[in-house]
Asks: 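What follows is a single structure, and I will ask about it in a moment.
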Amino acid sequence: MKSEPSVFSLDDLAAKAQQTYHWEGVRNYQARNMLRDAMKVGDLAFFYHSNCAEPAIVGIMEIVKAGYPDFYAFDAESVYFDPKSNPENPRWFMVDVKFVQKLSVPLPLKMLKQQPELADLALVRRGNRLSLMPVSAAQWQFILKLAADFA
DNA sequence: GCCAACGTTGGC
DNA sequence: GCCAACGTTGGC
């Protein structure tokens, strides 16, 4: 799950009450479908810092509330307002996430791209701008191992 | 339904 | 700040 640290960082999540927060503002249908249909309570996710000095996987989160309507879309004052979404027929969804841990070291995108084992990871595929991307069990384990090895 | 124009993302 | 890669929009 991507976030720009200048907007919302892993440390920001860790500082929240109960270290949980809602992952609002995703406005892409493919990502919406994952939020609404695929992500389940108890699932784990990597927190990725994008659009910053060193884009990197920095930590781990747990999904603590499955997909529900993104109410920011109903708020005309919000930057995430979308007049085409409404409570009767919500267009956008979000999940709640909980801080699990910070990786012992951040894993920079540059490093991830050098790993043959991660060649198929959506994050390193050319041109992928999705804000949420799937990680296979094997990729997940490999990334954890990388973090342990580089600690 | 096609596709050109335009806007956004995000690494570099 | 540049620009590649996409997604969205809207005319037709």
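Lettering follows sequence order; numbering is per chain, from 1.
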Asks: Is the phosphate of C:dA4, meaning OP1 or OP2, less than 4.0 Å from a side-chain N or O of A:Arg126?
Replies: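 No, because none of the side-chain N or O atoms of A:Arg126 sits under 4.0 Å from OP1 or OP2 of C:dA4.
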Asks: Determine yes or no for a side-chain-to-main-chain donor-acceptor pair under 3.5 angstrom, with A:Lys110 supplying the side chain and A:Leu107 the backbone.
Replies: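 No: the side chain of A:Lys110 does not pair with the backbone of A:Leu107.
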Asks: Please determine whether a side-chain nitrogen of the Lys or Arg among A:Arg32 and A:Asp70 lies less than 4.0 Å from a carboxylate oxygen of the Asp or Glu.
Replies: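 Judged by the 4.0 Å cut-off on N to carboxylate O distance, A:Arg32 and A:Asp70 do not form a salt bridge.
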Asks: For the residue pair A:Phe47 and A:His49, does the interplanar ring angle fall in the parallel (under 30°), tilted (30 to 60°) or perpendicular (over 60°) class?
Replies: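 Correct class here is perpendicular.
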Asks: Can you check whether A:Met94 reaches A:Tyr68 side chain to side chain, under 4.5 Å on heavy atoms?
Replies: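 A:Met94 vs A:Tyr68: side chains touch.
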Asks: Determine, for nucleotides 6-12 of chain B in 5'-to-3' order, which nucleotides have protein heavy atoms under 4.0 Å from the base (write B), from only the sugar-phosphate (write S), or from neither (write -).
Replies: --BBSSS
Asks: Between A:Phe81 and A:Ala73, which heavy-atom pair has the shortest distance, and what is it?
Replies: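 Smallest heavy-atom distance, with atoms named: CD1-O, 3.1 Å.
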